[in-house]
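Below is one structure, written out as structure tokens; the observations come after it.
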2 protein chains.
Amino acid sequence: MQDAPSRPYHHGDLRRAVIETALDMLRDEKGWQFTLREVARRAGVSHAAPYKHFPDKAALLAELAMIGFDRLRESLSAAKPTAPKSLRDELTKVARAYVAFGTDNPALYRLMYSAEEGQAVGIHLDERALAVFDVLLEILRRGQDAGSIRKRPIEGQAAAGWGLIHGMTMLAIDGLLVSEKVGSAPLDAALSTLVEGLGNPAT
Amino acid sequence: MQDAPSRPYHHGDLRRAVIETALDMLRDEKGWQFTLREVARRAGVSHAAPYKHFPDKAALLAELAMIGFDRLRESLSAAKPTAPKSLRDELTKVARAYVAFGTDNPALYRLMYSAEEGQAVGIHLDERALAVFDVLLEILRRGQDAGSIRKRPIEGQAAAGWGLIHGMTMLAIDGLLVSEKVGSAPLDAALSTLVEGLGNPAT
DNA sequence: ATACATTGTTGACAATGGCTACTTAGGCGC
DNA sequence: GCGCCTAAGTAGCCATTGTCAACAATGTAT
């Protein structure tokens with residue numbers, strides 16, 4: 001991780017290094033409330049150096065959130081089966097990957113959804129965040145065309161899917177899906193209920 | 001609220017006053033990251049006075065969260081129709097009240113779900129939090145008995161309901177339910193999808 | 001070579017904020 | 001009255017942090 005010999009005065013690629021270090025810290029810690037100074041410390045530079053690459057802390061956070069959306073989309077794409085048995089199967093696999101991303105990257109996920117003074121809205125309307133949403137939309141659209149998903153306004157179905165998946169992710173991250181409340185396989189159960197609700201009963 | 005003339009040296013009921021003041025602040029601000037000093041300031045006492053009634057800040061936060069659960073349960077009970085047209089109607093009304101509670105009390109709701117170093121689990125297993133969950137369970141149970149809700153393990157159905165409702169609440173609080181993504185009535189759509197998923201198709 | 005822009009370093013400011021002593025006010029039993 | 005307990009006030013420690021200003025090193029174009 002740390003470069004070996006007598007760090008040259010100029011890092012060379014500190015911007016990237018700061019981002020990488022911050023992502024590392026998000027991996028380690030539970031929350032995204034790291035300090036810029038700590039990032040600098042871990043990156044092996046002085047505490048003010050990051051300011052040469054980011055106007056302020058919020059800028060770094062926004063950048064990290066965007067990277068989070070990119071990675072989430074990649075996760076979802078990777079989880080999409082190439083030859084799905086059914087659309088319901090596909091939807092389930094993608095949803096599972098979504099929740100897994102959240103539990104694997106709790107701090108990053110929280111950051112992506114933390115309303116930094118109402119800026120969350122803007123972030124979520126960015127192209128890179130919409131790309132994640134489009135994965136869901138595309139599946140629903142295809143399902144409607146194929147007849148396996150109810151023909152309802154697709155935005156509403158997307159709302160249901162997003163809401164349930166986001167909710168389960170948050171609950172999972174917070175460790176609240178304890179068997180006392182939701183049994184032993186809450187995610188399976190929730191997803192199958194969702195799929196029932198979205199699915200066309202005629203099929 | 002504020003006692004009138006020349007505050008006596010001893011407040012008399014500072015514990016309650018601190019809680020009330022903190023609840024006021026939660027109503028005003030978006031987050032629950034108020035400072036104890038600010039609470040004391042608003043309550044009109046010195047910044048150290050609260051420590052006579054709460055060992056530390058976390059204790060106050062826990063107390064507030066519990067009150068939140070109490071109020072949420074009351075809201076749900078109040079929303080439960082006395083003579084519901086159907087169980088689906090009842091479920092929808094209660095769910096709507098849940099989300100409304102969240103959007104009406106965003107900071108308090110966030111506090112209730114903020115994992116203060118993994119203590120969220122304990123809080124949510126407390127009797128007063130479980131009482132909220134029981135409202136959902138009871139409706140599902142009754143629905144299963146009446147045959148209008150699918151006969152599936154009830155914990156799984158509760159997971160789906162909780163997940164979707166909590167998710168929609170969080171999205172609503174964060175202002176993310178914008179029409180560009182989820183259309184004009186996302187909550188309606190999501191709840192009807194949920195009800196479809198939970199409902200017994202035979203009926 | 002030399003000027004200039006870039007990128008890092010050092011140091012400090014200002015605000016914050018939880019928490020802890022120690023001191024004072026006041027009520028209550030005796 | 002007297003002493004004691006509780007509740008409140010005052011003062012401050014101590015650590016943290018975002019940010020900025022001034023300075024130093026390095027690379028680059030002329």
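Per chain, numbering begins at 1; letters A, B, ... match sequence-line order.
- Among C:dG8, D:dG9, D:dT19, the nucleotide with an atom closest to any side-chain atom of A:R37 is D:dT19.
- One interatomic measurement links the two molecules: CZ of B:F54 to P of C:dG17, which rounds to 19 Å at whole-angstrom precision.
- Going from atom CG of A:L61 over to atom C1' of D:dT19 covers 15 Å, rounded to whole Å.
- Here the P atom of nucleotide C:dT7 and the CZ atom of A:R16 are 14 Å apart, to the nearest Å.
- Between the P atom of D:dG9 and the CZ atom of B:R41 lies a distance of 14 Å, rounded to the nearest Å.
- When the C1' atom of C:dT6 is taken as reference, atom CG of A:D13 falls 14 Å away, rounded to whole Å.
- Among the heavy atoms of the strands lying under 4.0 Å from B:T35 are primed sugar atoms or P, OP1, OP2 only; no base atom is included.
- Counting only residues at least two apart or on different chains, the ring-ring contact (aromatic ring centres under 6.0 Å, His included) pairs with a member in residues 50-98 of chain B are B:F69-B:H124, B:Y98-B:Y109.
- When each of C:dG18, D:dG9, D:dT10 is scored by its nearest atom to the side-chain atoms of B:A48, the top-ranked nucleotide is D:dT10.
- Between B:Q33 atom CD and C:dG18 atom P there is a gap of 11 Å when expressed in whole angstrom units.
- Comparing C:dC19, D:dT17, C:dG8 by their closest approach to the side chain of B:K57 singles out C:dC19.
- Here A:R150 does not pair with A:E196 in a salt bridge; the nearest charged N to carboxylate O distance is not below 4.0 Å.
- The listed nucleotides are D:dG9, C:dT20, C:dG8; the one nearest the side chain of A:H53 is C:dG8.
- Although no hydrogens or angles enter the test, the distance criterion places no donor-acceptor pair under 3.5 Å between the side chain of B:R110 and the main chain of B:N105.
- Rounded to whole Å, atom C1' of C:dT20 lies 9 Å from atom OH of B:Y51.
- In terms of position on DNA chain D, the residue among A:F34 and B:H47 whose nearest nucleotide sits closer to the 5' end is B:H47.
- Listed pair A:K52 / C:dG8 fails the phosphate criterion, with no side-chain N or O lying under 4.0 Å from OP1 or OP2.
- Of the charged side-chain nitrogens involved, none lies within less than 4.0 Å of a carboxylate oxygen, so that A:R141 and A:D145 do not count as a salt-bridged pair.
- Under the 3.5 Å distance criterion, the side-chain polar atoms of A:K151 are matched with a main-chain donor or acceptor of A:Q144.
- To the nearest angstrom, C1' of C:dG17 lies 13 Å from CE of B:M25.
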